[in-house]
Amino acid sequence: MHIKIKYKEKIMIEEALKEIHRGCAEIIDSERIEKLLKTYYEEGTTYTVKAGFDPTAPDLHLGHTVLLQKLATFQKYGGRVQFLIGSFTAMIGDPTGKSATRKVLTQEEIVQNINSYTTQAFKVLDESKTQIVYNDEWLEKLGAAGMLQLASNLTVARMLERDDFSKRYSSNTPIAVSEFMYPLLQGYDSVHLRSDIEIGGTDQKFNLLMGRQLQKAYEIKKQQAVLMMPILEGLDGVQKMSKSLGNYIGVSDEPNDMFGKVLSISDDLMWRYYELLSTKSLETIATLKSGVEDGSLHPKKVKEELALEITARYHDEAAANNAKAEFDKVHSKSQIPTDIAEFSVDGDIWIAKALVECNIEPSTSQARRDIKQGAVKINQEKVSDEQLQLTAGEYILQVGKRKFAKIKVN
RNA sequence: GGUGAGAUAGUCAAGUGGCCAACGACGGCAGACUGUAAAUCUGCUCCCUAUGGGUUCGCAGGUUCGACUCCUGCUCUCACCA
């Protein structure tokens, strides 16, 4: 009997480790993680997993959820998440990956961002196993003396080893001294929270390791394990997913958009998304991949499945299926979408003006060019006359494949 | 503080008195081919009912028939020196 339980534990730990390792870029001190899992399964003791979020932008996208999903995995295997909001550090601005000093946020902006942040995060995380913490709570109290003590743990030389700093330094891009403090403060968070594990993107490596170093320096008798996730590429497949680059899928995107965006990624990128975003097992994914390779599975089908999964996660099953049906209707059968924005105007209107009026063209100049190129359709019929006047009636206007509007001319 | 270099469309980057709404590259949009994939080919990419007009090349003035190009001042960025 006793042996049987032992055996079961072992299986569980193995399974957990496998899930935890999935998609990871690098793990430092994975022995520690294994030990934590072992104590959890043997004694039921939970452990803490810290992840920091910089409330600089109010919207989460799938790039962020890579991290969140990993946190959720830990929650499944005994982890308690410390969802750290960098309310204090946001005032400095994380220098990571930035070629210039970052803009500092106001208190108001931060508070606003935090609210929308957490509601979105709980679409992935288990709320009952998550503790939201704000680092101004303890960093505020640190004071000048504490700050100096903290700073004594780091040499300038070591700081400059950091890739982004050294690049900026050698290219004479300014580095604010306060930016040097950022990794220290982030590391101090780990001291204060006594985190067992911290996870973050690969670009956070330096900061994450700082946590380990400081935990040692402050003698809290443990050093956090560090798990790094790769940075998710955006829709273009090259640059990292980010709002400012416009290549993102937002957690709060409408189902139709979300579905369509996933389907627009390249086949190569699809596997990346599968690995980092899907909850399908790695075996299943491997099967899909070989199916595509030997031609027994159509890549579009496989992509659709991914799109359904993701859309259903942030909305629900029904919405996802609707999105798919809608997509097929518009693109495969080239029919008109169900929901189109409606506009109405009084009196006859020139086609180019009408397109601008409906917000599907930015200017009449652009509208004319598109008409010339045959990109504009009225009621599914290509428009060839750029002087066309719309007289009373209802029309479905279309530009390219994606932009639709309904206009009513009175 | 001193000296020098620079600021051109979404980004990079040509243009150094008229041929400039401004070469080129990237990005973006559209068309063909497709699976709203990739690759490829083609066109477009400041605004205006347009074979024309208007507003643009850091900002403000000036010289000139004419300025992105020359002059003056200002703002900002970078480099070297201190």
Side-chain angles (χ1 to χ4, degrees), chain A residues 99-101 167-176 233-249 253-274 288-289 291-293 295-308 310-311 323-337 345 347-357 359-378 380-391 397-404:
Chain A
S99 47
T101 306
K167 266 189 201 140
R168 279 166 63 181
Y169 189 67
S170 59
S171 70
N172 291 303
T173 314
I175 304 171
E233 291 84 358
L235 299 174
D236 53 79
V238 182
Q239 294 194 270
K240 70 170 190 172
M241 186 176 281
S242 87
K243 196 174 182 186
S244 56
L245 292 170
N247 62 356
Y248 70 103
I249 303 178
D253 277 358
E254 290 301 310
N256 288 352
D257 285 343
M258 204 179 258
F259 187 90
K261 280 183 185 174
V262 176
L263 221 56
S264 78
I265 64 172
S266 74
D267 290 0
D268 286 342
L269 191 60
M270 161 172 84
W271 299 115
R272 181 93 170 136
Y273 277 33
Y274 254 114
L288 290 174
K289 197 166 183 177
V292 168
E293 271 158 17
S296 61
L297 269 174
H298 195 295
K300 197 195 168 195
K301 280 266 165 284
V302 181
K303 210 182 287 173
E304 267 171 2
E305 241 176 273
L306 178 68
L308 280 173
I310 290 173
T311 312
K324 177 172 159 23
E326 185 70 16
F327 185 88
D328 287 344
K329 184 179 164 193
V330 177
H331 299 288
S332 309
K333 301 181 191 140
S334 50
Q335 288 173 351
I336 293 176
V345 291
D348 294 2
I349 187 166
W350 176 37
I351 176 68
K353 269 235 154 61
L355 292 165
V356 174
E357 201 63 38
N359 297 325
I360 52 177
E361 285 286 22
S363 67
T364 56
S365 301
Q366 182 64 44
R368 282 165 157 250
R369 286 187 215 104
D370 282 336
I371 292 168
K372 226 174 266 173
Q373 295 194 98
V376 176
K377 289 181 188 161
I378 294 179
Q380 313 260 53
E381 293 285 329
K382 199 175 279 183
V383 177
S384 49
D385 177 14
E386 61 178 76
Q387 296 299 328
L388 187 72
Q389 294 289 326
L390 297 180
T391 50
L397 306 179
Q398 179 181 358
V399 179
K401 288 172 194 157
R402 316 168 195 215
K403 283 170 280 182
F404 292 90

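The sequence lines fix the lettering, A, B, ..., with proteins before strands; numbering per chain opens at 1.
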(message) Starting the side chain at C-beta, find the nucleotide from B:A30, B:U49, B:C44 nearest to A:Arg369.
(response) B:C44
(message) What is the separation between atom CG on A:Asp370 and atom P on B:A32, rounded to the nearest whole Å?
(response) 13 Å
(request) For the pair A:Asp328 (side chain) and A:Lys333 (backbone), establish whether a donor and an acceptor sit closer than 3.5 Å, ignoring hydrogens and angles. (result) no
(message) Any N or O donor-acceptor pair under 3.5 Å from the base of B:G35 to the side chain of A:Asp267?
(response) yes
(request) With a 3.5 angstrom cut-off on both distances, give the Watson-Crick or G-U wobble partner of B:G28, or none if there isn't one. (result) B:C44
(message) Heavy atoms from C-beta onward define the side chain here; which of B:U49, B:G35, B:A37 lies closest to that of A:Gln389?
(response) B:U49
(request) Round to a whole Å and report the spacing from CD1 of A:Ile265 to P of B:A37. (result) 12 Å
(request) Measure from CD1 on A:Ile360 to C1' on B:A30 and round the result to the nearest Å. (result) 14 Å
(request) Over all heavy atoms of both residues, which pair between A:Asn247 and A:Lys240 is shortest? Give the atoms and the distance, please. (result) ND2-O, 3.3 Å
(message) If the glycosidic angle sits within 90 degrees of zero it is syn, else anti. Tell me which applies to B:A50.
(response) syn
(request) Please determine, for B:U56, whether a Watson-Crick or G-U wobble partner exists with both distances under 3.5 Å, and give it or none. (result) none
(message) Can you confirm if the NZ or CZ of A:Lys261 lies within 45° of the ring axis of A:Tyr248 and under 6.0 Å from the centre of its six-membered ring?
(response) yes
(request) Would you kindly give the CG-to-C1' distance between A:Asp236 and B:G10, to the nearest whole Å? (result) 15 Å
(message) On the nucleotide B:U49, are OP1 or OP2 found under 4.0 Å from the side-chain N or O atoms that A:Lys353 carries?
(response) yes
(message) I need the CD1-P distance between A:Ile371 and B:A50, as an integer number of Å.
(response) 15 Å
(request) State whether A:Arg272 places a side-chain N or O below 4.0 Å from either non-bridging phosphate oxygen (OP1 or OP2) of B:A37. (result) no
(message) Distance check, P atoms only: B:C59 and B:U45, in whole angstrom units.
(response) 24 Å
(message) When you measure only distances, ignoring hydrogens and angles, does the side chain of A:Lys372 come within 3.5 Å of the base of B:U45 through a donor and an acceptor?
(response) no
(request) Provide the distance between the two C1' atoms, one in B:G43 and one in B:A60, to the nearest whole Å. (result) 41 Å
(message) Heavy atoms from C-beta onward define the side chain here; which of B:G31, B:U49, B:G35 lies closest to that of A:Gln387?
(response) B:U49
(message) Suppose we define a pair by two distances each less than 3.5 Å, Watson-Crick or G-U wobble; what does B:G61 pair with here?
(response) B:C71
(request) Have a look at A:Gly260 and say if it touches a base, only the backbone sugar-phosphate, or nothing, with a 4.0 Å heavy-atom cut-off. (result) base
(message) Taking B:C81 as the reference, what is the distance to B:U16 when you measure between their P atoms (whole Å, please)?
(response) 33 Å
(message) My understanding is that a pair needs two contacts under 3.5 Å, Watson-Crick or G-U wobble. By that rule, which nucleotide pairs with B:A14?
(response) none
(message) Taking B:C19 as the reference, what is the distance to B:G54 when you measure between their P atoms (whole Å, please)?
(response) 15 Å
(message) With rounding to the closest Å, how many angstrom separate the P atoms on B:A67 and B:C20?
(response) 16 Å
(message) Applying a 4.0 Å non-hydrogen cut-off, can you work out what A:Leu269 is touching in the nucleic acid: base, sugar-phosphate, or nothing?
(response) nothing
(message) Taking the minimum atom-to-atom distance to the side chain of A:Ser365, which one of B:G31, B:A38, B:A50 wins?
(response) B:A50
(message) Could you tell me how far apart A:Asp385 (CG) and B:U49 (P) are, to the nearest whole angstrom?
(response) 15 Å
(message) Given the structure, check if the side chain of A:Gln373 and the base of B:U45 hold any donor-acceptor pair shorter than 3.5 Å.
(response) no
(message) Applying the Watson-Crick and G-U wobble criteria at under 3.5 Å, what pairs with B:G6? Answer none if nothing qualifies.
(response) B:C76
(message) Counting only Watson-Crick pairs (N1-N3 plus N6-O4 or O6-N4) and G-U wobbles (N1-O2, O6-N3), all under 3.5 Å, who is the partner of B:C19?
(response) none
(message) Rounded to whole Å, how long is the line connecting atom NZ of A:Lys333 with atom P of B:U34?
(response) 20 Å
(request) To the nearest Å, give me how far apart CD (A:Gln366) and C1' (B:C47) are. (result) 12 Å
(request) For the side chain of A:Lys403, starting at C-beta, report the closest nucleotide among B:G35, B:U49, B:A30. (result) B:A30
(message) Any donor-acceptor pair, under 3.5 Å, between the side chain of A:Arg368 and the base of B:A50, if you only look at N and O atoms?
(response) yes
(request) Mind listing the closest non-hydrogen atom pair of A:Leu269 and A:Gly234 along with its distance? (result) CD2-O, 3.3 Å
(message) On the nucleotide B:C48, are OP1 or OP2 found under 4.0 Å from the side-chain N or O atoms that A:Ser363 carries?
(response) yes
(message) Any side-chain to backbone donor/acceptor pair from A:Thr391 onto A:Asp348? Under 3.5 Å, distance only.
(response) no
(request) Using modelled atom types only, decide if a donor and an acceptor are shared between the side chain of A:Gln398 and the backbone of A:Gly400 within a distance under 3.5 Å. (result) yes
(message) Quick check: closest heavy atoms across A:Tyr273 and A:Leu235, and the distance to 0.1 Å?
(response) OH-N, 3.9 Å
(request) Using the C1' atom on both, measure B:G15 against B:G24 and round to a whole Å. (result) 11 Å
(message) Quick check on A:Gln387: does its CD atom have over 12 non-hydrogen neighbours (other residues, nucleotides or ligands) under 6.0 Å away?
(response) yes
